[in-house]
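Accompanying notes for the structure given below.
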Amino acid sequence: MSDFANRLLAWFDANGRHDLPWQHPRTPYRVWLSEVMLQQTQVRVVIPYFERFVATLPDVRALANAPIDEVFALWSGLGYYARARNLHAAAKICVERHGGELPRDFDALVALPGIGRSTAGAILAQAWGERFAILDGNVKRVLCRMHGIEGWPGTPAVEKRLWEIAQTQLPDARLADYTQAQMDFGATLCTRAEPACVLCPLQRECVALRQDRVRELPTSKPGKPLPERHALLLLLRDAEDRVLLQRRAQAGVWAGLWSLPEAEDHATARNWFETHIAGDYDAAQALAAIDHGFTHYRFAMQPLEWREVALREGVRDNADLRWIARAELASLGIPAPVRKLLEGRT
DNA sequence: AAGACGGGGAA
DNA sequence: TTCCCAGTCTT
């Protein structure tokens with residue numbers, strides 16, 4: 001066994017996290033769900049979502065049988081909603097092809113939507129103790145520092161090198177603990193800012209520490225100015241104070257989620273309003289603007305509110321356009337900033 | 001190889 | 001503010 005794995009496991013026994021909800025019981029389904037939720041999302045944020053999700057949909061079959069809107073509702077606020085869509089689709093495939101269980105096979109796992117190399121490895125290692133490597137943000141950071149690797153880990157060349165190292169230093173036993181140990185080590189000790197090097201059991205073999213380059217590694221992503229988008233959000237209330245929600249397109253941001261009718265400018269908004277709504281467009285009340293930052297652009301939204309309006313004669317609510325009472329909001333998948341607006345939170 | 005995809009925590 | 005995180009999929 002590599003020295004790295006030995007020291008890491010010893011550290012994990014004394015300092016790792018042994019009480020995460022997906023560890024008890026550590027079933028393949030719960031490991032899978034946790035791994036997908038933890039893609040680009042931190043443990044503290046995931047825990048309440050995970051608890052709620054498994055309480056509602058406790059196994060693969062329950063997930064496969066649930067309507068997608070229920071899955072979106074359970075996911076609402078976590079972001080990257082393709083994860084929820086893929087999870088649902090993968091569960092259906094498991095029912096059709098794998099007897100209602102997650103397959104215990106790397107290639108079969110990677111063939112499922114939403115499961116890539118790292119997540120497949122994490123599932124096999126954690127649920128079954130099989131000898132597979134992972135390579136997430138934590139592992140990348142630890143390996144870049146430990147081996148003094150330069151270059152942004154997002155580039156294919158660096159990533160390839162990191163996978164090779166991750167594979168090479170795999171232990172022969174305790175794969176579940178080893179996998180968890182790497183994550184815990186990166187998340188709690190070898191953190192992005194201010195790692196606790198004085199407490200580190202790997203000081204001796206850490207190139208970055210020896211060369212005093214811990215602060216510079218891993219190399220950060222090359223910066224680029226973010227484009228900015230603007231939109232008007234139409235907050236339409238009827239006489240019963242219900243809100244008109246529209247299902248978003250199946251592609252693009254917030255695909256398939258329920259949101260407010262949206263327009264790029266007033267001309268477009270007025271046109272949509274006049275074809276759908278009985279009311280006075282110019283009676284709109286502007287609410288506080290919402291600025292939402294994405295990874296790839298900035299999104300400035302200006303909500304406009306109307307009260308006591310109705311749909312025009314001949315326009316009915318339908319599968320993609322519905323009046324929603326406040327109490328019903330919780331059961332729908334709604335983008336976080338829109339939910340905040342509708343629920344009156346700050 | 002590069003871009004798309006959400007939201008929140010941390011500094 | 002800015003960075004970036006238990007990544008994967010599409011083009």
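Residue numbering restarts at 1 for every chain, and letters A, B, ... go by the order of the sequence lines.
- OP1 or OP2 of dT8(C) lies within a sub-4.0 Å distance of a side-chain N or O belonging to Thr119(A).
- As rounded to whole Å, 7 Å separates atom P of dT1(C) from atom CZ of Arg298(A).
- Residue Leu87(A) is out of contact with every strand shown, counting any heavy-atom pair closer than 4.0 Å.
- When heavy atoms are screened at a 4.0 angstrom cut-off, Ile134(A) is found touching no nucleic acid atom at all.
- Rounded to an integer number of Å, the gap from Arg248(A) CZ to dC5(B) C1' is 12 Å.
- Leu63(A) and Leu332(A) fall within the same hydrophobic cluster, defined by Ile, Leu, Val, Met, Phe, Trp and Tyr side-chain heavy atoms under 4.5 Å apart, directly or through other members.
- For the pair Tyr178(A) OH and dA6(C) P, the interatomic distance rounds to 16 Å; values are reported in whole Å.
- When only modelled atom types and interatomic distance are considered, Arg83(A) and Thr41(A) share a side-chain donor-acceptor pair under 3.5 Å.
- Separation of the Phe12(A) and His18(A) ring centroids falls under the 6.0 Å cut-off.
- Rounded to a whole Å, the CZ atom of Phe50(A) is 13 Å from the C1' atom of dA6(C).
- The aromatic rings of His296(A) and Phe294(A) are tilted relative to each other, their planes meeting at an angle between 30° and 60°.
- A distance of about 23 Å separates the C1' atoms of dG8(B) and dC9(C), rounded to the whole Å.
- One interatomic measurement links the two molecules: CG of Asp136(A) to C1' of dC4(C), which rounds to 13 Å at whole-angstrom precision.
- For Arg312(A) and Thr275(A), the side-chain atoms include no donor-acceptor pair closer than 3.5 Å.
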When every nucleotide of nucleotides 6-11 of chain B is labelled 5' to 3' by its protein contacts under 4.0 Å (heavy atoms), B for base, S for sugar-phosphate only, - for none, what sequence of letters results?
-> BBSBSS
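- Shown here are the side chain to side chain donor-acceptor pair (under 3.5 Å) partners of Tyr281(A), two or more places apart in sequence or in another chain: His266(A).
- Residue-level contact check: Gln126(A) touches neither bases nor backbone, having no heavy atom under 4.0 Å from any strand.
- Between dC5(B) and dA6(C), the two P atoms lie 23 Å apart (nearest whole Å).
- Between Gln42(A) and Arg44(A), the side chains place no donor N or O within less than 3.5 Å of an acceptor N or O (distance only, hydrogens not considered).
- Atom CZ of Arg85(A) is separated from atom P of dC5(B) by 12 Å (rounded to the nearest Å).
- Checking Ile115(A) against Asp184(A), the closest nucleotide of DNA chain C that is more toward the 5' end is the one next to Asp184(A).
- dT8(C) sits 23 Å from dG9(B) when the P atoms are compared, rounded to a whole Å.
- Side-chain atoms of Arg145(A) never come within 3.5 Å of backbone atoms of Val207(A) as a donor-acceptor pair (strictly under, hydrogens ignored).
- Proximity of Arg17(A) to the phosphate of dA6(C): no side-chain N or O atom is located under 4.0 Å from OP1 or OP2.
- Using a 4.0 Å heavy-atom criterion, one finds that Val46(A) contacts no nucleic acid atom at all.
- Atoms CZ (Phe12(A)) and C1' (dA6(C)) sit 14 Å apart, rounded to a whole Å.
- Taking atom CG on Asn138(A) and atom P on dC4(C), their separation rounds to 14 Å, with Å as the unit.
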